[in-house]
Amino acid sequence: MNIDSKTKQTNEKTFKYLSFSAALCMFFSMIEYAIPKPLPFLRLGLANIPFILGLFKLKKREYFFLVLLKVIFQSLISGTFFSYIFVYSLFGSFASSFFMLLAKSLFKEKISVVGISLFGALGNNLLQILLSYFFFFGKTIAYAIPVILIFGFVTGFLIGILTNRFIKISKWFARVEAY
């Protein structure tokens with residue numbers, strides 16, 4: 001098998017993995033939209049599951065491309081494209097993904113999937129608090145910070161547990177070759 005053939009196979013596998021992961025993000029997003037939210041900006045973060053999985057299977061460029069696909073498709077499905085919700089989602093998703101990637105890079109094998117998920121939740125929450133402070137609520141966001149951080153911790157923990165369970169029981173994930 002020559003180098004071009006191997007590269008083509010790798011590119012096809014990457015495309016298939018990205019396509020499946022993006023579809024999984026959309027599926028989880030649609031489930032999440034059906035779940036009532038106590039406050040409009042509090043979300044479970046189910047669509048972060050493919051991001052956590054992608055940390056183990058994708059290169060950085062492909063990983064952030066998945067994040068971009070999720071944000072764009074999610075906003076098109078929900079009708080929030082070019083709204084402030086889109087801005088929150090875009091920056092929050094990239095912050096979350098960056099924090100997860102950073103945690104995995106810094107702590108390597110010493111951090112669990114739950115820990116990675118918690119870092120992602122923290123990144124998302126911190127960025128959204130900053131956006132809220134500078135663009136919408138000013139100092140009054142301080143009243144919501146405990147709710148945002150507690151909800152983020154709980155959902156980050158639950159998403160980490162769900163993702164860890166998926167990794168352990170999924171035959172598909174076990175068969176996906178590392179890229």
Fill in: Whether Phe81 and Phe86 hold their rings parallel, tilted or perpendicular, with breakpoints at 30° and 60°
perpendicular
Practice prompt. Look up atom CD1 in Ile72 and atom OG in Ser93, then write down how far apart they are to the nearest 0.5 Å.
Written response: 11.0 Å
Worksheet item: Is any side-chain heavy atom of Phe73 closer than 4.5 Å to a side-chain heavy atom of Cys25?
Response: no
Worksheet item: Run the side chain to side chain contact (heavy atoms under 4.5 Å, CB included) check on Gln74 and Tyr33 step by step: do they pass?
Response: CA-CA 10 Å; Gln74 187 179 49; Tyr33 281 115; 3.6 Å; yes
Worksheet item: Is the closest side-chain heavy-atom distance between Thr163 and Ile116 below 4.5 Å?
Response: no
Worksheet item: CG of Asn124 to OG of Ser89: how many Å apart, nearest 0.5 Å?
Response: 8.5 Å
Worksheet item: Counting only heavy atoms not in Phe166, do more than 12 fall under 6.0 Å of its CZ?
Response: yes
Practice prompt. Could you tell me whether a side-chain N or O of Ser170 sits under 3.5 Å from a main-chain N or O of Ile167, the two making a donor and an acceptor?
Written response: no
Discussion item. Check the orientation of Tyr17 and Trp172. Use parallel for under 30°, tilted for 30 to 60°, and perpendicular for over 60°.
Written reply: parallel
Worksheet item: How long is the gap from NZ on Lys104 to CD on Glu109, to the nearest 0.5 Å?
Response: 6.5 Å
Worksheet item: If you round to the nearest 0.5 Å, how far is CG of Leu106 from CG of Leu101?
Response: 9.5 Å
Practice prompt. Please round to the nearest 0.5 Å and tell me the distance separating atom OG of Ser21 and atom CZ of Phe51.
Written response: 9.5 Å
Fill in: Pairs satisfying salt bridge (charged side-chain N to carboxylate O under 4.0 Å, His left out), at least one member in residues 22-36, at least two apart
Glu32-Arg43
Discussion item. Classify the ring geometry of Phe173 against Phe56: parallel below 30°, tilted from 30° to 60°, perpendicular beyond 60°.
Written reply: perpendicular
Item to complete: Count the heavy atoms of every other residue, nucleotide or ligand shown that sit under 6.0 Å from CZ of Phe153, and state whether that count exceeds 12.
Response: no
Fill in: side chain to side chain contact (heavy atoms under 4.5 Å, CB included) assessment of Ser75 paired with Ile85
CA-CA 8 Å; Ser75 68; Ile85 295 171; over 6 Å; no
Discussion item. Tell me the closest heavy-atom pair linking Pro50 and Leu66, and the distance in Å.
Written reply: O-CD2, 3.9 Å
Worksheet item: Same cluster for Tyr84 and Phe135 if Ile/Leu/Val/Met/Phe/Trp/Tyr side chains link at under 4.5 Å?
Response: yes
Discussion item. Please check if the number of heavy atoms outside Phe20 that lie under 6.0 Å from its CZ is greater than 12.
Written reply: yes
Practice prompt. Start with the C-alpha distance between Leu162 and Leu46, add both sets of side-chain angles, then the distance that settles side chain to side chain contact (heavy atoms under 4.5 Å, CB included), and finish with yes or no.
Written response: CA-CA 9 Å; Leu162 285 171; Leu46 292 172; 4.3 Å; yes
Discussion item. Has Ser117 got a side-chain atom pairing as donor or acceptor with Val113's backbone, closer than 3.5 angstrom?
Written reply: no
Worksheet item: For the hydrophobic clusters of this structure (ILVMFWY residues joined by side-chain heavy atoms under 4.5 Å, transitively), does one cluster hold both Ile141 and Leu127?
Response: yes
Item to complete: Indicate, with yes or no, if the rings of Phe136 and Tyr88 have centres closer together than 6.0 Å.
Response: yes
Discussion item. Please determine whether the number of non-hydrogen atoms from other residues, nucleotides or ligands lying under 6.0 Å from atom CZ of Phe64 exceeds 12.
Written reply: yes
Response to the item:
Scanning both residues in full, the closest heavy-atom pair of Gly120 with Ser96 reads O-OG, 3.1 Å
Worksheet item: Side chains of Lys57 and Glu62: closer than 4.5 Å at any heavy-atom pair?
Response: no
Discussion item. Let me check something: do Leu102 and Phe94 share a hydrophobic cluster, defined by ILVMFWY side-chain heavy atoms less than 4.5 Å apart, either directly or through other members?
Written reply: yes
Worksheet entry | Candidate pair Phe119 and Phe107, rule side chain to side chain contact (heavy atoms under 4.5 Å, CB included), full reasoning | CA-CA 12 Å; Phe119 265 86; Phe107 300 111; 3.7 Å; yes
Worksheet entry | Separation between CZ of Phe151 and CD1 of Ile148, rounded to the nearest 0.5 Å | 11.0 Å
Fill in: Hphob cluster co-occupancy, Phe157 + Leu44, side-chain heavy atoms under 4.5 angstrom
no
Discussion item. Please check: side-chain N/O of Ser112 versus main-chain N/O of Gly115, any donor-acceptor pairing under 3.5 Å?
Written reply: yes
Discussion item. How close do Gly152 and Asn125 get, counting heavy atoms only, and between which atoms?
Written reply: CA-OD1, 3.2 Å
Fill in: Met100 with Leu118, same ILVMFWY side-chain cluster at under 4.5 Å
no
